[in-house]
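Worksheet: the structure to be examined is printed underneath.
Chain letters run A, B, ... following the sequence lines, proteins first and then strands; every chain starts at 1. Computed over heavy atoms, backbone and side chain alike; hydrogens, waters and symmetry mates excluded.
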Protein chains: 2
Amino acid sequence: MSQTVDRALSILPLLAEGPADLGKVADRLGVHKSTALRLLRTLHEHGLVHRQADQRYRLGARLFALAQEAVENLDIREIAHPHLVTLNDCCGHTVHLAVHEEHEVLYIDKVESRYPVRMYSRIGKPVAITVAAVAKLILADLPEAERRTLAERLDYPQYTPRSTPNAAAFLKELARVREQGWATDLGGHEESINCVAAPVRGPDGRVVAAMSVSAPNVVVTAEELLALLPVVRRTADAISREYSGSAPADQATPHQGNGKTP
Amino acid sequence: MSQTVDRALSILPLLAEGPADLGKVADRLGVHKSTALRLLRTLHEHGLVHRQADQRYRLGARLFALAQEAVENLDIREIAHPHLVTLNDCCGHTVHLAVHEEHEVLYIDKVESRYPVRMYSRIGKPVAITVAAVAKLILADLPEAERRTLAERLDYPQYTPRSTPNAAAFLKELARVREQGWATDLGGHEESINCVAAPVRGPDGRVVAAMSVSAPNVVVTAEELLALLPVVRRTADAISREYSGSAPADQATPHQGNGKTP
DNA sequence: GCACTGTGTTGCGTACTGTGCAACGCTCGT
DNA sequence: ACGAGCGTTGCACAGTACGCAACACAGTGC
């Protein structure tokens, strides 16, 4: 859309990989050094990039501050967090909260396992959308047409033999997840990691987020983890209630769902 | 420098205040709606802004992912090293940098003392976690529950009469360290060695590393070493600032300052 | 029912703005 | 001392982003 801005913004993910000097930035962007310099200077003025002692550029503090504000604006997170902590207190495993955004499913909160062996994940990072239990729950709630379009457009990486192989299998899995109201990922992403997840619903009943408990099977077996399903669902329901209940932004909440359609 | 990019980036702090619609963004930027739209679209393509259901814009999760990735790829050692050297230049003693990893605290960098009598340590080796000043700083920053669990699980070897004797004493010491923002080890590991240490913090304020100055008391007394506390703290703070990427907006560069600012 | 205000969106001609080039200055390494 | 490699500067050109005006659409009041 806007070439200049487009180029400037492309610098950010590039620098996220690690510090880079002017030449490298210009190369990766495919522009002249002087152009890259101008863009970097502008980013620098806004504090989004930082120039270190060796003159290389890296992401700046302002970006961290903005990121902080961005995540704080996600109010589901605020509401859910204490519940996630409670759940972690009672089972000890890693607890995640994820939402749908821009055709991706992102972890937006996480409470670390209290066991020494932990799974790796990163807040803000897209989840493995075709296999993650939270992704299945969130996507299962989409309108059918959208679900189908999305399923066709996705790649299906075979992380493990149990990864979802293709669109057809994915849609079938989504249908089942939608039906049963919870989801699992048993070694579909990493061989030894299992997850069990439940949906968080908004006042209109639509899924606004999903939460999961994950643990490597060196800590607990899949069966033991599945035994946590009731408490995971209870936690998700509690979050749903609080999220739906404390929404006085509009006028009185209508009792019935969609009253009338034009 | 670059008008277009400048305008686009100005949108981010604006949205950080809260969601805004197209008109408001255009107003605040002082540009035409169509211009604002083009900029927002470009930001949107890069995932930096997100369009919510009511068509208003807010900051996107991509910001958070970028910040997260940047932090992961940051090499504290690389950033800290020149500072450690400077500190060593000024005081001559052994300077250490340590981080938390897998329930241990490890030295990851070291600048040797310029005095003939040196303390023994090795980069990559776990520190004496119950007595080392750097370990206390790093562990003092953990969430309280984790701190307590860890304290219970540790052994408390009596290296010297002044070694931390047990979990209760350790937790008490951590609380004090957390409070005062620095730590010492006065003969707690080896009878004749004293240390004074300060924390390095990341952009979110959490302790990501700790650095210390150590010297045997045949070289300097504990009191003399403690006199170095201010400079140690200043050094640690400088590392924190650089690690966080705080842009020294107007800070004069030591030599060859070409730019004259009005 | 209608006109009317308030959005967000599109196409387009203009000229402003960003671009690449070439030359410069600086710091290292040999 | 010299050259290689880097960042930086000024400038002429044209590509690109700009604002305008018109459009589409929704909600509101009459």
Side-chain angles (χ1 to χ4, degrees), chain A residues 1-12 14-15 18-46 48-60 102 249-251 254 258-262, chain B residues 1-12 14-15 18-46 48-58 60 78 81-82 85 247-248 250-262:
Chain A
M1 305 251 98
S2 172
Q3 189 189 62
T4 318
V5 178
D6 188 46
R7 285 173 169 172
L9 297 183
S10 301
I11 292 177
L12 299 178
L14 195 158
L15 291 185
D21 58 31
L22 178 62
K24 185 174 178 184
V25 171
D27 265 7
R28 292 277 301 265
L29 280 186
V31 300
H32 196 269
K33 279 187 305 177
S34 60
T35 304
L37 181 65
R38 205 160 352 94
L39 298 176
L40 280 165
R41 282 230 252 257
T42 311
L43 289 167
H44 182 87
E45 274 183 3
H46 285 258
L48 295 187
V49 309
H50 172 65
R51 194 152 202 201
Q52 42 189 35
D54 59 0
Q55 294 206 107
R56 290 188 305 167
Y57 294 90
R58 39 166 294 237
L59 296 183
E102 304 294 326
D250 291 349
Q251 71 274 10
N258 45 1
K260 49 176 90 171
T261 40
Chain B
M1 305 250 97
S2 172
Q3 187 188 63
T4 318
V5 178
D6 187 47
R7 285 171 170 174
L9 297 183
S10 302
I11 293 177
L12 298 178
L14 195 158
L15 290 185
D21 59 30
L22 179 61
K24 184 173 179 184
V25 171
D27 264 8
R28 292 278 300 267
L29 281 186
V31 299
H32 196 269
K33 279 187 306 176
S34 60
T35 303
L37 181 65
R38 207 162 346 98
L39 298 176
L40 280 166
R41 281 230 252 257
T42 311
L43 289 167
H44 181 91
E45 274 184 2
H46 285 259
L48 297 188
V49 309
H50 174 64
R51 194 150 200 202
Q52 44 190 33
D54 59 359
Q55 293 204 88
R56 290 188 306 168
Y57 295 89
R58 63 168 185 75
E78 203 183 326
H81 191 78
V85 170
D250 211 18
Q251 187 174 325
T253 319
H255 4 282
Q256 77 240 13
N258 75 330
K260 46 189 274 292
T261 42

> If you measure from CG on A:Leu48 to CG on B:Leu12, what distance do you get to the nearest 0.5 Å?
Replying inline: 6.5 Å
>> Using whole Å, what does the distance between atom P of nucleotide D:dC20 and atom NE2 of B:His32 come to?
In response: 5 Å
> Nearest to the side chain of A:Ser2 - D:dA17, C:dG8, C:dG20?
Replying inline: D:dA17
> In whole angstroms, how far is the P atom of D:dA17 from the CG atom of B:Asp6?
Replying inline: 15 Å
> Between the two end axes of the helix from C:dG1-D:dC30 to C:dT30-D:dA1, each built from 5 base pairs, what angle do you get to the nearest 10°?
Replying inline: 30°
> Does B:Leu22 or A:Gln3 map to a spot on DNA chain C nearer the 5' end, using the closest nucleotide for each?
Replying inline: B:Leu22
> To the nearest angstrom, how far is B:Tyr57 atom OH from C:dT7 atom P?
Replying inline: 14 Å
> By a strict heavy-atom criterion of less than 4.0 Å, which residues belonging to residues 33-44 of chain B are in contact with DNA chain C?
Replying inline: B:Lys33, B:Ser34, B:Leu37, B:Arg41
> How many Å lie between NZ on A:Lys24 and P on D:dC6, as a whole number?
Replying inline: 13 Å
> With respect to the phosphate group of D:dA17, does any side-chain polar atom (N or O) of A:Thr4 fall under 4.0 Å of OP1 or OP2?
Replying inline: yes
> What is the distance, rounded to the nearest whole Å, between atom CG of A:Asp27 and atom P of D:dG7?
Replying inline: 11 Å
> Under the 3.5 angstrom rule, does the side chain of A:His32 hit a backbone N or O of A:Ser34 as a donor-acceptor pair?
Replying inline: yes
> Nearest nucleotide by nearest heavy atom, which residue falls closer to the 5' end of DNA chain D, A:Gln55 or A:Met1?
Replying inline: A:Gln55
>> Expressed as a whole number of angstroms, how long is the span from A:Asp54:CG to D:dG5:P?
In response: 19 Å
>> Return the NE2 to CG distance between A:His44 and A:Leu37, rounded to the nearest 0.5 Å.
In response: 11.0 Å
> Under the criterion side chain to side chain contact (heavy atoms under 4.5 Å, CB included), which of A:Val25, A:Leu9, A:Ile11, A:Val49 is the partner of A:Leu39?
Replying inline: A:Ile11
> Roughly how far, to the nearest 0.5 Å, is CZ of A:Arg28 from NZ of A:Lys24?
Replying inline: 6.0 Å
>> B:Asp6 and side chain to side chain contact (heavy atoms under 4.5 Å, CB included): which single residue from A:Thr42, A:Thr4, A:Val5 fits?
In response: A:Thr42
> How many Å lie between CG on A:Asp21 and P on C:dC26, as a whole number?
Replying inline: 20 Å
>> As an exercise, state the distance from CG of A:Leu14 to CG of A:Asp27, rounded to the nearest 0.5 Å.
In response: 10.0 Å
> Quick one: is C:dG8 close enough that its OP1 or OP2 comes under 4.0 Å of any side-chain N or O from B:Arg56?
Replying inline: no
> Are side-chain heavy atoms of A:Gln3 and A:Arg7 found at a separation under 4.5 Å?
Replying inline: yes
>> Less than 4.5 Å apart, side chain to side chain, heavy atoms only: is that true for B:Ser10 and A:His46?
In response: yes
> Roughly, in whole Å, what's the span from CZ in B:Arg7 to P in C:dC16?
Replying inline: 13 Å
